[in-house]
Protein chains: 2
Amino acid sequence: MAGPSEHLLDALVAIVADRGLEGVSIRQVADRAGVSIGAVQHHFPTKNALLLAAMEHVSTRFRAELQQRLSAAPSPGGALRILALLLAGADGAPRASTVVWLSFAAHAAVDEQVAEVHRREWASLERFLADLVAAGAPHRTDPAGDAAALLALLDGLAVAVALEPQRMPPARAERLVDAWLAGLDAG
Amino acid sequence: MAGPSEHLLDALVAIVADRGLEGVSIRQVADRAGVSIGAVQHHFPTKNALLLAAMEHVSTRFRAELQQRLSAAPSPGGALRILALLLAGADGAPRASTVVWLSFAAHAAVDEQVAEVHRREWASLERFLADLVAAGAPHRTDPAGDAAALLALLDGLAVAVALEPQRMPPARAERLVDAWLAGLDAG
DNA sequence: TTGACGACAATACGATCGTATGGCTACGGT
DNA sequence: ACCGTAGCCATACGATCGTATTGTCGTCAA
């Protein structure tokens, strides 16, 4: 299932997770994957192509894991909570995932191709959240607005959980997410 | 008022704003500031020291601008809205500021010294927001929780405004902020 | 007057970077 | 049997990096 290309992409993601994007070099990726520089160059012509492929890779992985987790959701409301906790980096979501997308996001501010992938993913995420809101809380008048606010909240929480674990431990992030979801029905 | 050191820090911040942290090198900073490599080394012994000083520099600048903007606030509620719109990158806040702190945040995930400065600033921000909430909406039972949620929302909105201007134009961010603030009184 | 020192500039060093190049091996089609 | 090509490695090239070293001016205390 996992070819040599995916192995390289996993190596890159692992490097980003613990040394940041600045720690990524063709040589480091090759080392981590246990192959030569030439092998990396064979599968991806440039570093940029490797980076873009890695972004698509983490997106694909995320969608797969999401689908699996949501298969156990009893209702749209339950699915919304599962997705929210996952995105917020609350219990169950590894810090590494947040660090990776945070690194990509920062790079997106400077690289148009990376920005395009980021925009596509986040737009898709907002649509998905909006659908869950519309299905789980049909009385809401602006599910798209609710989804956009929720997505922003979750992004901010994820960063806080990853960078400030003592100010924002996962349990607090979970409480805040639940409070916001409760506001969906009340407010 | 602005000595040669501040000039170097401004140069670094300008580089981060339009090429990211990866565009920062001693040589680039020296070039942008119109001095030699040696001058940079004279004021800051290492690149890391320069980076840390730049973070403190943007913090100081931010506090100064904030204090100036808040001096025109009629009430705690008004001050809260001004600060929220500023942090969210809504109309009036430049994209560059968001890109700079986003870059620093991503770097904080990998550099403990940068992380410490980041934590200090964000903790201070949450406290300040909590005070404004407590003053402007005294009936709230958990102003610290409100502040933490608001701060996360604003961080997420700022990133969205900076990276996805068509999904999250400043006006939409402003509407979402206002909706959240309205929920302070209702929910 | 001299001499130390602060504020730079110029240059050098070793490391690492992305990428190009050329060769080797194994295999699949003709 | 043979040729091409996919897959991979070793190595080289030029650029850029952070930092160390050394020198050159002023200014100002003694």
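What's counted below: heavy atoms across the whole structure, side chains too, no hydrogens, waters or symmetry copies. As the structure is a prediction and not an experimental result, all values here were calculated from the model. Note on naming: letters A, B, ... go to the chains in the order of the sequence lines (proteins, then strands), and numbering restarts at 1 for each one.
- In this structure, CG of B:L51 is placed 13 Å from C1' of D:dG18, rounded to the nearest angstrom.
- Note: CD (B:Q41) to P (C:dT11) measures 15 Å, nearest angstrom.
- In this structure, A:K47 atom NZ and C:dA20 atom P are separated by 15 Å, rounded to whole Å.
- Side-chain contact between B:R95 and B:P165: absent, with no pair of heavy atoms (C-beta onward) separated by less than 4.5 Å.
- Spacing between atom CD of B:E22 and atom C1' of C:dC17 amounts to 13 Å, rounded to whole angstrom units.
- Taking atom CD1 of A:I26 as the reference point, atom C1' of D:dC13 lies 16 Å away to the nearest angstrom.
- The side chain of B:S36 has C:dA9 as its nearest neighbour among D:dA12, C:dA9, D:dT19.
- Side-chain atoms of A:D185 and A:H139 include no donor-acceptor pair closer than 3.5 Å.
- B:I37 has its CD1 atom 10 Å from the C1' atom of D:dC17, to the nearest Å.
- For the OP1/OP2 pair of D:dA6 and a distance below 4.0 Å, the side-chain nitrogens and oxygens of A:H43 include no atom meeting the criterion.
- In this structure, B:L50 atom CG and D:dT19 atom P are separated by 10 Å, rounded to whole Å.
- Contact annotation: the side chain of A:M168 never approaches that of A:L163 to less than 4.5 Å [non-hydrogen atoms, C-beta and beyond].
- Residue B:S25 has a polar side-chain atom (N or O) positioned under 4.0 Å from OP1 or OP2 of D:dC17.
- Counting non-hydrogen atoms under 4.0 angstrom, A:V24 reaches the backbone sugars and phosphates but no base.
- Remark: C1' of D:dG18 and CZ of B:F44 are 16 Å apart, rounded to the nearest angstrom.
- Judged by closest nucleotide on DNA chain C, B:H42 is the one of A:Q28 and B:H42 placed further toward the 5' end.
- Taking the six-membered ring wherever Trp is involved, the centroid distance between the rings of A:W101 and A:W122 falls below 6.0 Å.
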